[in-house]
Amino acid sequence: MCLNAVNDLRLCIANAIGIPLENLVRGFEVPKEEFGDFSIVMPKAGIDRNQAEQIFEAVRRCDLVWRADLRGIYLNIFLNRGLFSTRVLQYVVNDDSYGICREREPKKIVVEYVSANPIHPLHIGAARNAALGSFITRILKAFGNSVQTRFYINDVGRQTAIVALGFKLLGRVEVPSGVKPDHWIGLIYAITNTVAEIQGIKKRLGVAVGEEETKRLREELDQLVADAARLWKTAPDIFNEISEKLKGVDFEEELSKIMRGYEKGDADIVQLIREVVGACIEGFKETLQRFGAEIDIWDWESDLVWGGDVEKILEVLKKSATAHKGALALDFSSVDTAELRRRLGIPRELEIPPLILQRSDGTTLYTIRDIAYTLKKFREFNADKVINVIASEQTLPQAQLRLALYTMGHKKEAENLIHYSYEIVNVEGIKMSSRRGRIITLDEILDEAKRRVMVELEKRGNASEIIAEKMGVAAVRFYLLFVSPSRPVKFSWASVLDFERNSAPYLLYTYARTEGIFRKAREIGVELDWKKLFESMDKGFATADRRWRLVKIVAEFPDTVHKSYSELDPSILALYLLRVADEFNTWYDEEPIVIEKDEKLRASKLLLAYAINRVLNKGLQLLGIEPVEKV
RNA sequence: GGGCCCGUAGCUCAGCCAGGAUAGAGCGCCGGCCUCCUAAGCCGGUGGUCGGGGGUUCGAAUCCCCCCGGGCCCGCCA
């Protein structure tokens, strides 16, 4: 169902004055209270101000309208509070999915998200990706679309080769008990990489020419040594062993051997890398499940290479390739037009360098493999759209990907491949580096958030592990969702653990308060049959300002959810829910609900609380937050 | 050097794409409120040359240009 009282109003006005509904959707505002309940901004709605007088008369004929004022470019509307509030509550009571209006033509959509390198635990950056990806999945599904979620396991390439080498040197020891496998792999990776980098720099220092280069290398070395010292402190035995074993090998040569062997499908190397990466993925699955981010299909990048998909694509692309700095590359200048950029959503001024097709040693490159993967995603789900949730720092390779698809003749796929871009998470005070093991992991944030919730719950004598876990996870998710995706998130422990006002715990607390009201009502023998209560309610109850404000905010829910859906922006919904909670808490403090003696008025108040309860419940669920009934 | 994103109250953020009414929240700070449905709450107070300068317009936080500051990208990494 698509019950929306605000839209009823818009429809009536649009008909009365004879303009398309879309104009009013655009030119509709919720103004400051003193001006009215809703306003039509006439220039925005495409209304000629000379016709203002006729319009003014027409608007007043709508039954939901009580009076209207003309003021400058605004047509301010005051509603018939009794009629409108009854309508809103009627919609909430009769529509189980109040606020959500399913697509008439649902789409098949693939969402690829997280796809973090399987060489270290998920960090705060991947957490934002997971939060956004699972949000868009949820809201797309809620609106009736079919969605398939996929995780691309980047097991081909230099980074997995590094950790595999470290793992091999250690004698392929098992993950110690009590250690999460991805944390174990991450440690080996960071140590191997840091030690190898130190050795590499020392070598270069030996042959360095010029004071400047020597100085630069020394600075780099100092930093590396500091990281190494920290890693040594974390795991001295492992550090010493890897460090010792690395002395005897030609690092670059060994890496190249592993990479080549893996792409060829050499059995020993395949077993080695699959073991390492598999362990890491096991850890990812645990964390993602905890975080409420579901993945339907796990795709191994190596399967695309071994299956011949990548080779086929290379063959096709080579036909249009040209030489670039001695390598075979795809130059886009011949197809690159302003019109194509518009269709593919590529920024007008973005400089796009040629795409190198293959390394000199014959191994493949990421973007080429990603072409094969993109086609696979479209094909296997028969998808209308593929959405890649990837940080904005990858804008260039994502644009190259679409252009390459277009060049190959996959025009539809190129146009329907969406790069859902978001800004990164900045961590105050430190520079994160997964290569050096300098990261804040999602696991530790979730653990700490849970612990902090627990402290608060203990104060209330309700030390429930389950609730602490739910609220802790919710706090982190909400923190990452309430900033617009196009804006960087500034991470700080103080803000992620601040559970007042702008936080999930605040919303959950407010929700639990509504549940508390219903509990109390049942205790004193009130039957909570919403339809019956609706029949017996006092229709004029919402004329009081405070209650009226709540009715209006409940009425705004469908529009808000729709905007959040069409822009795939969770922050719109998140900020709205905070407003809902603020309004409700003010009202809650102001007048008793269950204790109300007048039965009709009590029914109305209960219904209003129920409406708030439904809005919070639905909104939280869309954000991927499970409401809790008691805190 | 070029490109993308960002710059709004001490701090964290709305508002900008589709220009309009005295620029909004929260945190912080100061002062109040638990014999009553959960005080992670409520009420009051405090706080802004919307980074700077030009331009367009009856009207600019919003559109255009220039500059300054921050982040990211420009690799035979991903």
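Chain letters run A, B, ... following the sequence lines, proteins first and then strands; every chain starts at 1.
Look at C43(B): its glycosidic torsion is beyond 90° from 0, and that puts it in the anti range.
Atom CZ of R341(A) sits about 10.5 Å away from atom CZ of R402(A), to the nearest 0.5 Å. Here the straight-line distance linking atom CG of L314(A) with atom CG of L317(A) works out to 6.5 Å at 0.5 Å rounding. The structure places CD of E263(A) at 6.0 Å from CZ of R369(A), a figure rounded to the nearest 0.5 Å.
Closest to the side chain of R487(A), from the set C16(B), A39(B), A21(B), is C16(B). Listed candidates were A78(B), A40(B), A14(B). Nearest to the side chain of V631(A) is A40(B). Among C76(B), G3(B), G71(B), the nucleotide with an atom closest to any side-chain atom of E349(A) is G3(B). Taking every side-chain heavy atom of K32(A) into account, U22(B) is the closest of U22(B), A18(B), C74(B). Comparing A21(B), C42(B), C13(B) against the side chain of F35(A) picks out A21(B) as the nearest. Among the nucleotides G2(B), C74(B), A40(B), the one closest to any side-chain atom of L396(A) is C74(B). Checking G2(B), G20(B), A21(B) against every side-chain atom of N76(A), the shortest atom distance belongs to A21(B). Here the nucleotide nearest the side chain of L575(A), chosen from G41(B), G20(B), C13(B), is C13(B). Distance from the side chain of V483(A) is smallest for A14(B) among the nucleotides G71(B), A14(B), A78(B). Side-chain proximity of I595(A) to C37(B), C74(B), C77(B): nearest is C37(B).
OP1 or OP2 of A78(B) has at least one side-chain nitrogen or oxygen of R359(A) nearer than 4.0 Å. For the OP1/OP2 pair of U38(B) and a distance below 4.0 Å, the side-chain nitrogens and oxygens of K520(A) include no atom meeting the criterion. For C13(B), the OP1/OP2 oxygens have a side-chain nitrogen or oxygen of K490(A) closer than 4.0 Å. An OP1 or OP2 oxygen of G41(B) is reached within less than 4.0 angstrom by no side-chain nitrogen or oxygen of Y511(A). Regarding contacts with the backbone of C43(B), a side-chain N or O of T586(A) is found under 4.0 angstrom from either OP1 or OP2. Between R501(A) and A25(B), a side-chain N or O to OP1/OP2 separation shorter than 4.0 Å is absent. Taking side-chain N and O atoms only, S484(A) has a distance below 4.0 Å to OP1 or OP2 of A14(B). For A39(B), one of the phosphate oxygens OP1 or OP2 lies less than 4.0 angstrom from a side-chain nitrogen or oxygen of R513(A).
Taking atom C1' on both G48(B) and C37(B), the two are 39 Å apart, rounded to the nearest angstrom. Of the P atoms belonging to A21(B) and U62(B), the separation is 13 Å, rounded to the nearest Å. One C1' atom belongs to C64(B), the other to G28(B), and the distance between them is 38 Å to the nearest Å. Between C17(B) and C73(B), the distance separating the two C1' atoms is 23 Å to the nearest Å. For the C1' atoms, the distance from G47(B) to U12(B) is 15 Å, rounded to whole Å. For G32(B) and G69(B), the P atoms lie 47 Å apart once the distance is rounded to whole Å. If you take atom P in C50(B) and the same atom in A61(B), they sit 8 Å apart, rounded to whole Å. Remark: the separation of the P atoms in C6(B) and C13(B) is 13 Å, to the nearest Å.
Residue I368(A) contributes atom CD1, which lies 14 Å from atom C1' of C77(B) at whole-angstrom precision. If you take CE of M259(A) and P of C76(B), they are 14 Å apart, rounded to a whole angstrom. Atom-to-atom, CG of N585(A) to C1' of C34(B) comes out at 15 Å; the value is rounded to the nearest Å. Atom-to-atom, NZ of K44(A) to P of A21(B) comes out at 10 Å; the value is rounded to the nearest Å. Rounded to an integer number of Å, the gap from CG of L357(A) to P of G75(B) is 16 Å.
Residue-to-nucleotide contacts include no donor-acceptor pair under 3.5 Å from the side chain of R579(A) to the base of A25(B). A donor-acceptor contact under 3.5 Å is formed by the side chain of S39(A) with the base of A21(B).
Each of M471(A) and Y479(A) lies near RNA chain B, and the nucleotide nearest Y479(A) is the one positioned closer to the 5' end. Take the nearest nucleotide of RNA chain B for D498(A) and for L350(A): the residue whose nucleotide is more 5' is L350(A).
For U12(B), the paired nucleotide is A25(B), the pair qualifying as Watson-Crick or G-U wobble because both relevant distances are below 3.5 Å. Both distances falling under 3.5 Å, in either a Watson-Crick or a G-U wobble arrangement, place G41(B) opposite C33(B). In this entry C50(B) has no Watson-Crick or G-U wobble partner, no candidate having both defining distances under 3.5 Å. Base pairing annotation: C4(B) forms a Watson-Crick or G-U wobble pair with G71(B), both donor-acceptor distances under 3.5 Å. Across every strand in view, G20(B) sits in a pair with C58(B) that passes the Watson-Crick or G-U test at under 3.5 angstrom.
The ring of Y509(A) does not lie on top of the base of G41(B); it is either too far (5.5 Å or more) or too tilted (30° or more). Judged by ring centres under 5.5 Å apart and planes tilted less than 30 degrees, Y74(A) fails to stack against the six-membered base ring of G20(B).
A salt bridge does not link D299(A) to K377(A): none of the charged nitrogens lies less than 4.0 Å from a carboxylate oxygen. Using a cut-off of 4.0 Å between Lys/Arg side-chain N and Asp/Glu carboxylate O, K44(A) and E29(A) are scored as salt-bridged.
In the model, S495(A) has a side-chain atom that pairs as donor or acceptor with a side-chain atom of S492(A) under 3.5 Å. Judged purely by distance below 3.5 Å, without hydrogens or angles, the side chains of D370(A) and Y152(A) never pair a donor atom with an acceptor atom. Side chain to side chain, Y189(A) and Q159(A) meet the donor-acceptor criterion of an N or O pair below 3.5 Å. When only modelled atom types and interatomic distance are considered, S571(A) and D569(A) share a side-chain donor-acceptor pair under 3.5 Å.
Using a 4.0 Å heavy-atom criterion, one finds that E22(A) contacts no nucleic acid atom at all. Here Y588(A) lies in heavy-atom contact (under 4.0 Å) with a base. Using a 4.0 Å heavy-atom criterion, one finds that I593(A) contacts the bases of the nucleic acid, with or without backbone contacts as well. Within the nucleic acid shown, Q159(A) has no heavy atom closer than 4.0 Å to any nucleic acid atom. Residue contacts shown for R602(A) are absent, as no nucleic acid heavy atom lies under 4.0 Å away.
Under a cutoff of 6.0 Å and an axis angle of 45°, R10(A) and F28(A) form a cation-pi pair.
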